[in-house]
Amino acid sequence: MKKVFAGILVLSLFAGSNLVFAEGEKVAYVDVAKVFDSYLKTKDNDRVLQQSGKKKEEERDAIVHDIRQAKDEMALLNDEAKAKKQDGLANKMKELQSFDAESRRILGEQRNKVVREIFKEIDTAIQKYGEAKKLDLIYNERALLYHNEKMDAT
């Protein structure tokens, strides 16, 4: 641990101009994760995705029900009829797997699209905040090793 700290100290001496702030420089940090989690649009999007997920789950349950029903019917059939029914069952299983994969892909794409939009809005708000407060720098809270709470612009 001491070697790591010493290495950082040595690097900071060589690159000190990057680590030393000009006198009077105005700096703040923002906890972007906290802003994202508490943003109303994030909560609304989570509700919409949950509703979409429930609809997909209902569709999936219908396919699973058909599969179970086909298995139950097969138990009552003779060997020749079972073989014929087995093809239909295999197709239903493939349909279920395809449905699961497609549902995950669609829901993931929906979430990623909205998350990108939300982060873009947050970034724009931070830019406007920095300009309005005449700040020189605004850091993301996660990138800081130390911060004074009075500098929190969240």
Side-chain angles (χ1 to χ4, degrees), residues 1-73 88-154:
M1 183 69 174
K2 288 182 181 181
K3 288 181 181 181
V4 172
F5 181 75
I8 292 171
L9 183 61
V10 169
L11 285 175
S12 68
L13 292 174
F14 287 113
S17 61
N18 292 334
L19 299 174
V20 177
F21 296 111
E23 188 175 327
E25 191 167 19
K26 294 176 76 176
V27 179
Y29 71 92
V30 174
D31 186 341
V32 177
K34 183 177 178 181
V35 172
F36 179 84
D37 290 342
S38 62
Y39 190 30
L40 183 59
K41 193 169 184 176
T42 302
K43 293 175 183 178
D44 290 343
N45 179 60
D46 286 345
R47 277 191 289 277
V48 168
L49 284 175
Q50 278 183 331
Q51 290 170 350
S52 294
K54 284 181 183 177
K55 287 179 186 175
K56 293 289 184 189
E57 189 68 30
E58 289 170 4
E59 291 175 42
R60 184 184 192 284
D61 288 346
I63 297 170
V64 170
H65 175 72
D66 291 346
I67 291 170
R68 286 186 181 144
Q69 188 174 4
K71 284 182 178 181
D72 290 344
E73 289 173 5
L89 182 61
N91 288 337
K92 276 290 186 187
M93 294 296 286
K94 288 179 184 176
E95 178 186 344
L96 178 61
Q97 290 172 344
S98 295
F99 179 83
D100 285 345
E102 184 67 9
S103 295
R104 280 191 299 272
R105 185 189 65 75
I106 289 170
L107 291 173
E109 286 176 358
Q110 287 175 345
R111 173 143 176 82
N112 289 342
K113 180 183 175 198
V114 175
V115 166
R116 279 192 300 274
E117 291 172 6
I118 291 171
F119 274 117
K120 189 174 181 179
E121 289 177 17
I122 290 171
D123 185 55
T124 300
I126 290 171
Q127 299 297 320
K128 288 180 181 178
Y129 179 85
E131 291 169 5
K133 296 290 185 176
K134 296 184 179 7
L135 295 173
D136 296 307
L137 298 168
I138 298 178
Y139 290 97
N140 180 340
E141 191 268 343
R142 289 187 177 201
L144 297 176
L145 298 176
Y146 170 79
H147 55 76
N148 186 325
E149 293 297 322
K150 72 179 183 181
M151 297 177 77
D152 188 351
T154 304

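Residues take their numbers from the sequence shown, with the count starting at 1.
- Counting non-hydrogen atoms of neighbouring residues, nucleotides and ligands closer than 6.0 angstrom, the NZ atom of Lys41 exceeds 12 such neighbours.
- Under a 3.5 Å cut-off, the side chain of Lys133 and the backbone N or O of Lys26 do not form any donor-acceptor pair.
- Taking the charged nitrogens against the carboxylate oxygens, Lys43 and Asp46 have no contact shorter than 4.0 Å, which rules out a salt bridge.
- Atoms CZ and CG, on Arg111 and Leu49 in that order, are 6.5 Å from each other to the nearest 0.5 Å.
- Annotation: the span from Ile126 atom CD1 to Asn140 atom CG amounts to 7.5 Å, rounded to 0.5 Å.
- For the pair Lys120 and Glu117, the salt-bridge criterion is not met [side-chain N within less than 4.0 Å of a carboxylate O].
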Begin from the C-alpha positions of Asp123 and Phe119 and carry the test side chain to side chain contact (heavy atoms under 4.5 Å, CB included) through to its verdict. CA-CA 6 Å; Asp123 185 55; Phe119 274 117; over 6 Å; no
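- Phe36 approaches Thr42 most closely through the heavy-atom pair O-OG1, 2.7 Å.
- Rounded to the nearest 0.5 angstrom, Leu96 CG and Asn91 CG are separated by 12.5 Å.
- Closest heavy-atom contact between Ser52 and Leu107: CB-CD2, 3.6 Å.
- To the nearest 0.5 Å, atom CZ of residue Arg104 and atom CZ of residue Phe99 are 10.5 Å apart.
- Taking the side chain as every heavy atom from C-beta outward, Gln69 and Glu73 approach each other to under 4.5 Å.
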Report the C-alpha distance between Val114 and Ile118 in whole Å, list the side-chain angles of each, state the deciding distance to 0.1 Å, and finish with yes or no for side chain to side chain contact (heavy atoms under 4.5 Å, CB included). CA-CA 6 Å; Val114 175; Ile118 291 171; 3.7 Å; yes
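- For Glu102, the salt bridge (Lys or Arg N to Asp or Glu O under 4.0 Å) partners at least two apart in sequence or on another chain are Arg105.
- Between Gly130 and Ile138, the shortest heavy-atom distance links the atoms CA-CD1, 3.7 Å.
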Start with the C-alpha gap between Ile63 and Glu59, add the side-chain angles, then the distance that decides, and say whether side chain to side chain contact (heavy atoms under 4.5 Å, CB included) holds. CA-CA 7 Å; Ile63 297 170; Glu59 291 175 42; 5.7 Å; no
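- The CG atom of Asp100 sits 4.0 Å away from the CZ atom of Arg60 when rounded to the nearest 0.5 Å.
- Asp66 approaches Lys92 most closely through the heavy-atom pair OD2-NZ, 3.3 Å.
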